[in-house]
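Note that the structure is predicted; figures quoted are calculated from it, not measured. The chains referred to below are lettered A, B, ... by the order of the sequence lines, with proteins before strands, and numbering in each begins at 1.
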There are 2 protein chains.
Amino acid sequence: MTSPDPEMTPEPDSKARLRLWLKLLKVTRSVEADLREALRTEFASTLPRFDVMSALSRHAEGLKMSELSGLLKVSNGNVTGIVERLVEDGIALREAVPGDRRASRVRLTRKGAEEFARQASEHEHWVNELLGALEAEEATAMILQLDRIIREEAQ
Amino acid sequence: MTSPDPEMTPEPDSKARLRLWLKLLKVTRSVEADLREALRTEFASTLPRFDVMSALSRHAEGLKMSELSGLLKVSNGNVTGIVERLVEDGIALREAVPGDRRASRVRLTRKGAEEFARQASEHEHWVNELLGALEAEEATAMILQLDRIIREEAQ
DNA sequence: GCGAATTATTTCAAGCATAAACCTTTAAGC
DNA sequence: GCTTAAAGGTTTATGCTTGAAATAATTCGC
């Protein structure tokens with residue numbers, strides 16, 4: 001009989017989690033690459049632009065730059081550049097916030113809202129195909145597990 | 001009784017998959033941000049550098065640039081810059097490929113291999129903590145599901 | 001052999017991303 | 001009021017990333 005030696009196999013669990021992490025990375029990057037490619041060829045756009053438009057579309061009243069960067073979990077200066085280009089393209093606009101000359105509020109133009117509606121519809125189709133290997137029940141179950149990871153981190 | 005009308009709820013499944021995709025993105029970015037921060041403060045390094053070093057460490061005989069970009073699923077030109085900096089820092093080196101003056105083979109220096117060993121060990125600890133909410137069995141089960149997504153895409 | 005495709009890689013322009021430094025405006029203390 | 005701190009954003013330096021174009025070496029077809 002082999003005697004049980006806890007020192008010989010230090011952390012089998014950590015290896016499983018590491019493999020999961022590598023797989024998560026692989027899947028996410030792969031799907032992201034496909035979506036990026038689709039956005040580029042179909043709409044001559046990018047994922048970061050889509051993300052910003054998506055956030056703005058959920059807030060018709062507009063968002064402050066800091067709210068935007070907070071929602072998207074990206075740095076402040078990052079949003080500056082993306083919004084800058086969206087404004088140049090007539091997708092978004094900035095308006096002054098009454099009573100606070102530091103801030104400005106960003107929102108979609110009519111054109112931007114229409115454009116996002118078209119893109120979001122296609123986007124959902126793409127995702128549905130890319131994740132088609134999973135049934136809705138599996139997807140929902142996985143969401144719950146992933147939520148536990150996020151919640152643990154947030155502490 | 002409400003009559004079952006398949007036209008009223010066009011694609012409930014696609015919504016579930018879309019939510020899963022958004023959650024995957026959120027978890028991955030969140031963990032990535034933590035790892036990036038840890039690499040930065042602990043080792044004054046970055047994730048792309050770690051990824052390249054990781055690939056090189058699994059191939060002591062060295063990798064051609066195209067093999068490297070293929071493994072990491074990133075563009076060709078991307079790898080050029082990262083390897084360039086690794087070479088400058090004495091982490092990696094390039095050697096000529098006999099019989100093919102176009103290609104070069106990249107591999108870790110002794111210093112690079114030692115440095116990676118240290119980083120990889122810490123990296124595994126970090127991941128183990130970040131994904132600690134999941135048991136090893138859950139992790140393994142999730143890997144199988146994620147694999148199905150990749151396999152479907154590869155077609 | 002010789003020209004044409006293919007392969008391996010770099011260079012380039014543009015955009016994305018971060019952290020840190022900075023500037024301006026607003027709010028709070030006193 | 002005046003000072004100081006905090007909040008909202010931009011700018012800057014650096015690095016990552018892509019896709020496309022350019023360069024160079026190799027291989028293929030004949």
B/Glu88 has an atom CD; how far is it from atom C1' of D/dG15, in whole Å?
12 Å

Looking at C/dA8, D/dG9, C/dC16, which one has an atom nearest to any side-chain atom of A/Ala103?
D/dG9

Return the value, rounded to whole Å, for the distance between atom CD of B/Glu32 and atom C1' of D/dC16.
12 Å

For the pair made of CE in A/Met65 and C1' in D/dT11, what is the distance, rounded to whole Å?
13 Å

What does B/Gly81 touch in the nucleic acid at a heavy-atom separation under 4.0 angstrom: a base, only the sugar-phosphate, or nothing?
nothing

May I have the distance from B/Arg36 (atom CZ) to C/dA19 (atom P), rounded to whole angstrom?
7 Å

For B/Arg101 and C/dT7, is the shortest distance between a side-chain N/O and OP1 or OP2 below 4.0 Å?
no

What is the nucleic acid contact for A/Ile82, judged by heavy atoms within less than 4.0 Å: base, sugar-phosphate only, or nothing?
sugar-phosphate

Can you see if the side chain of B/Thr80 gets near the phosphate of C/dT10 - specifically, an N or O under 4.0 Å from OP1 or OP2?
yes

Go through C/dC16, D/dC16, D/dG8 for me and flag the one nearest to the A/Ser66 side chain.
D/dG8

If only atom types and distance count, is the side chain of A/Thr140 paired as donor or acceptor with the main-chain N or O of A/Ala136 below 3.5 Å?
yes

For B/Arg105 and A/Ser75, find the nucleotide of DNA chain C closest to each by heavy atoms; which residue's nucleotide sits nearer the 5' end?
B/Arg105

Check every strand shown and say whether A/Arg94 touches a base, only sugar-phosphate, or nothing at a heavy-atom separation below 4.0 Å.
sugar-phosphate

Test item: B/Ser69 side-chain N/O and B/Val79 main-chain N/O as donor-acceptor pair under 3.5 Å:
no

Please determine whether a side-chain nitrogen or oxygen atom of A/Asn78 lies at a distance below 4.0 Å from atom OP1 or OP2 of C/dC16.
no

Any A/Thr46 side-chain N or O less than 4.0 Å from OP1/OP2 of D/dT18:
no

Any donor and acceptor pair, going by atom type alone, linking the side chain of B/Arg17 with main-chain N or O of A/Leu131 inside 3.5 Å?
yes

For nucleotides 2-7 of chain D, print each protein N/O atom paired with a nucleotide N/O atom at under 3.5 Å, atom names and distance only.
residue: D/dA7; atom: N3; partner: A/Arg102; partner atom: NH1; Å: 2.8

Given atom CD of B/Glu84 and atom C1' of C/dC12, what is their separation to the nearest angstrom?
13 Å

Hey, does A/Glu37 reach any base, or is it just sugar-phosphate, or nothing, if we go heavy atoms under 4.0 Å?
sugar-phosphate

Atom pair distance, as rounded to whole Å: CG in B/Asn76 and P in D/dT18:
10 Å

Whole-Å distance separating the CE atom of A/Met53 from the P atom of C/dC16:
13 Å

Whichever of A/Ala33 and A/Asp100 has its nearest DNA chain D nucleotide further upstream toward 5':
A/Asp100

